[in-house]
Amino acid sequence: MTLSVTTWNINSVRLRLPIVEDFLRRENPDILCLQEIKCQNEQFPAAEIAELGYSNIVIHGQKGYHGVAICSKLPLTEDHRQDYCGVGDSRHISAIFEWAGRRIRLHNFYVPAGGDEPNRDVNPKFGHKLDFVEEMKALSAEAEPNTGSILVGDLNIAPLEHDVWSHKQMLKIISHTPVETDGLLEVMRQGKWVDLMRQHVPDTEKLYTWWSYRAKDWAAADRGRRLDHIWSSADLAPLLESVAVLKEARGWTQPSDHVPVTARFKAP
DNA sequence: ATGGTGGGCGTCCCA
């Protein structure tokens, strides 16, 4: 009895529905979490995705920007949407599902990118990002009794040295500044979250999930960053079987700049 | 050192 959960920043689910369908047919995860759907709830291609077996869908969309959704083969209950920073952005959704006799809450996040200048005095977007991360510190993996937790999403921060192509050259670049990386590690520490990707791949190995659209040849340059993450509560971490980063998806026709990341768990 | 690409929306925002 296995459980597979995928996270993917799709950068417009309507434009990229064909590759979402290809991915689901081919990889067939139990649950797909999407970020940057860039549509309102009623515009989400729910019928097409349900047709592939994902009949349980919860959406937190908005017009034009951001937006997150969970598409699941397993029934979803108790879905919640939290308005981080109280600005009305659709950047979080969570729901409960049951697997192997366990109750699990799944959180799906899209953390603000933060703009270009890493100084909150001149760049309010960076301030928003830091405030968002600060608010995430209150989210515990052990928040609900008898309930495990999984947290996925585009967190827009590459916390470790080998989560970026050049640690030294990235220290003043948003996504890898010390105030962000310290903040995200503190979210993990305070919430008792386990970084499942790094449980599977050692910290000393380069690991990326995003490659910029702006590179002439993204694969040759390979200047990636690990912006997408899968975390869990400590009780679920020992059940992790594998984590797969589908790098080839960056080379698909009309790709997202992020690739799907899938965690597989095995029941004891 | 700079500008590079991509999506949604609507004549510019965000990433």
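So that the names make sense, note that chain A is the first sequence line, chain B the second, and so on, each numbered from 1.
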Sticking with atom P, work out how far B:dG3 lies from B:dG7, rounded to a whole angstrom. 22 Å
Toward the 5' end of DNA chain B, by each residue's nearest nucleotide, A:R14 or A:Y213: A:Y213
At under 4.0 Å between heavy atoms, what does A:R250 touch on the DNA or RNA strands: base, sugar-phosphate, or nothing? nothing
Residues A:N11 and A:K38: side-chain donor-acceptor under 3.5 angstrom: yes
Separation of B:dG4 atom C1' from A:R223 atom CZ, nearest Å, is 12 Å
Separation of B:dG6 atom C1' from A:I19 atom CD1, nearest Å, is 13 Å
Interatomic distance where CD belongs to A:Q35 and P belongs to B:dG7 [whole Å]: 17 Å
To the nearest angstrom, how far is A:N11 atom CG from B:dG6 atom P? 11 Å
A:E36 CD to B:dC13 C1', in whole Å, measures 13 Å
Parallel, tilted or perpendicular: which one describes the rings of A:H167 and A:H176, with boundaries at 30° and 60°? perpendicular
Mapping A:P255 and A:N156 onto DNA chain B by nearest heavy atom, which one lands closer to the 5' end? A:P255
Just the rounded figure in Å: distance from C1' of B:dG8 to CD of A:Q40. 12 Å
Would you say A:R214 reaches B:dT2's phosphate, i.e. side-chain N/O to OP1/OP2 under 4.0 Å? no
Atom pair distance, as rounded to whole Å: CG in A:L227 and P in B:dC14: 19 Å
Need one value for A:K125: base, sugar-phosphate or nothing, where a base atom within 4.0 Å counts as base even if backbone is also close, heavy atoms only. sugar-phosphate
A:E78/A:R103 salt bridge by N-O under 4.0 Å criterion: yes
Phosphate oxygens OP1/OP2 of B:dA15: is one of them under 4.0 Å from a side-chain N or O of A:R91? yes
Taking the P atom of each, how far is B:dC9 from B:dC13, in whole Å? 16 Å
Rounding to the closest angstrom, what is the interatomic distance between B:dG6 and B:dG10 at atom P? 22 Å
A:E180 and salt bridge (charged side-chain N to carboxylate O under 4.0 Å, His left out): which single residue from A:R225, A:K172, A:K129 fits? A:K129
Check this one for me: any side-chain N or O of A:Q254 less than 4.0 Å away from OP1 or OP2 of B:dG7? yes
Whole angstroms only, please: what is the NE2-P distance between A:H66 and B:dC14? 8 Å
Expressed as a whole number of Å, how far does the C1' atom of B:dA1 sit from that of B:dC12? 26 Å
Describe, in one word, how the ring planes of A:H107 and A:W193 are oriented to each other, choosing from parallel (under 30°), tilted (30 to 60°) and perpendicular (over 60°). perpendicular
